[in-house]
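Reminder, nothing fancy here: chain letters follow the sequence lines and each chain counts from 1.
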Amino acid sequence: MILQKQFYLRDDVVQVSKDLLGKFLVTEIDGKRTSGMITETEAYRGLDDKACHAYNNRRTKRTETMFREGGRAYVYLCYGIHHLFNVVVGEEGVANAVLIRAIEPVDNIPVIQKRRKIDKLKPQLTAGPGVMSKALGIKTILDGTTLLTKLNTIWIEDRGIQIEEVDIQAAPRIGVDYAEECAEWPWRFYIKNSRWVSKK
DNA sequence: AAGAGGATGAACT
DNA sequence: GTTCATCCTCTTG
């Protein structure tokens, strides 16, 4: 079942971030369908989170996507190289998002390996926000695109897997040392025991 | 108009 | 542990 709008419109971006664990991120790009199970996420909140691009509800050309209604992709270029994929969360006007940091490859793994130029099946393939996007063919051109229909190129499915609270590990987010006290907030979540996580 | 720096990853020593 | 690839966005003047 493709995730519906209500899933994304919730106000609690931290809860949505946890709920995305165990869901399946699917893309259909260059005529090839690839997917993976989400194993690692991070929550970002525009209102009061200094690590968020839209901190203090700051609107710029780049952050405008985050203010849109939940259920769209927010994709931006990091360090001039990496395309980072986020899910926009919340009602229109609320700048919340969830960064997808890692997946466990599921569908069409050979295509994923080819995109990554890696022959083996190992975490390096899809564990990390930049390589995850590369594995699924996600680029900044997808910024603002809806996740709510399979007619498009990217969406998220629930395939009946439920990740229990005890199997979720919370930790501070990666690479946000500049965010002062917010840097310590435990808003990074990953599936315990999964090897498909960017860092232990 | 110019400059700094970033929600990273890979290849080094 | 360190370096650096590489480019867009935002800030400053």
With sequence neighbours excluded, what pairs up with N56(A) under the side chain to side chain contact (heavy atoms under 4.5 Å, CB included) test?
none
Partners passing side chain to side chain contact (heavy atoms under 4.5 Å, CB included) against L9(A) (at least two apart in sequence or in another chain):
K5(A), E69(A), E91(A)
What do you reckon, is NZ of K139(A) surrounded by more than 12 foreign heavy atoms closer than 6.0 Å?
no
CD1 (I161(A)) with more than 12 external heavy atoms under 6.0 Å:
yes
Within the sub-3.5 Å range, which N or O atoms of nucleotides 4-8 of chain C have a protein N or O partner, and how far apart are they?
unit_1, atom_1, unit_2, atom_2, d
dT6(C), O2, Y79(A), O, 2.5

Please list all pairs meeting salt bridge (charged side-chain N to carboxylate O under 4.0 Å, His left out) that have one or both residues in residues 104-127 of chain A, counting only residues at least two apart or in different chains.
D107(A)-R159(A)
Proximity to DNA chain B (any heavy atom under 4.0 Å), residues of residues 168-182 of chain A only
I174(A), G175(A), V176(A), Y178(A)
Using a cut-off of under 3.5 Å, enumerate the N/O to N/O pairs linking the protein to nucleotides 11-13 of chain B.
none

Distance in Å, L99(A) CG paired with S17(A) OG, rounded so as to fall on 0.5 Å steps
8.5 Å
Over how many whole Å does the gap from K199(A) atom NZ to dA7(B) atom C1' extend?
11 Å
Length of the OH-P vector between Y76(A) and dT9(C), whole Å
13 Å
Inter- and intrachain pairs under ring-ring contact (aromatic ring centres under 6.0 Å, His included), touching residues 76-130 of chain A, at least two apart
H53(A)-Y76(A), Y74(A)-Y76(A)
How many Å lie between NZ on K117(A) and C1' on dA10(B), as a whole number?
14 Å
Rounded to whole Å, please give me the gap between CG in L125(A) and C1' in dT8(B).
17 Å
Applied to residues 6-18 of chain A, the salt bridge (charged side-chain N to carboxylate O under 4.0 Å, His left out) test, sequence neighbours excluded, yields R10(A)-D19(A), K18(A)-E165(A)
State the CD-OG distance between E42(A) and S198(A), to the nearest 0.5 angstrom.
7.5 Å
Within the 4.5 Å heavy-atom criterion, are R173(A) and R101(A) side-chain neighbours or not?
no
Involving DNA chain C, stems made of at least three consecutive Watson-Crick or G-U pairs, both distances under 3.5 Å:
B:1-6 with C:7-12, B:8-12 with C:1-5
Rounded to the nearest 0.5 angstrom, the CH2-CG distance for W196(A) and L125(A) is 6.0 Å
Can a salt bridge be assigned to the pair K199(A) and E40(A) using a cut-off of 4.0 Å between side-chain N and carboxylate O?
no
Taking atom CG of N96(A) and atom CG of D49(A), what is their separation to the nearest 0.5 Å?
9.0 Å
Are the side chains of V197(A) and R188(A) in contact, using a 4.5 Å heavy-atom criterion?
yes
Enumerate the residues from residues 83-114 of chain A whose closest heavy atom to DNA chain B is under 4.0 Å, giving them by residue number; use none for an empty result.
L84(A), N86(A), L99(A), R101(A)
Can you see which heavy atom on L3(A) is nearest to which on L148(A), and at what distance?
O-CD2, 3.8 Å
Residues within residues 48-65 of chain A bordering DNA chain B, heavy-atom distance below 4.0 Å
A51(A), H53(A)
Rounded to the Å, how far apart are R115(A) CZ and dG9(B) C1'?
19 Å
OG1 of T65(A) to CZ of R72(A), rounded to nearest 0.5 Å, is 9.0 Å
Nearest whole angstrom, please: distance from the C1' of dC10(C) to the CE of M66(A).
14 Å
N/O donor to acceptor pairs below 3.5 angstrom from side-chain atoms of residues 178-185 of chain A, sequence neighbours left out:
unit_1, atom_1, unit_2, atom_2, d
Y178(A), OH, A51(A), O, 3.2
E180(A), OE1, K50(A), NZ, 2.7
E181(A), OE1, K50(A), NZ, 3.3
E181(A), OE2, K50(A), NZ, 3.3

Rounded at 0.5 Å granularity, tell me how far CD1 in I81(A) sits from NZ in K134(A).
10.0 Å
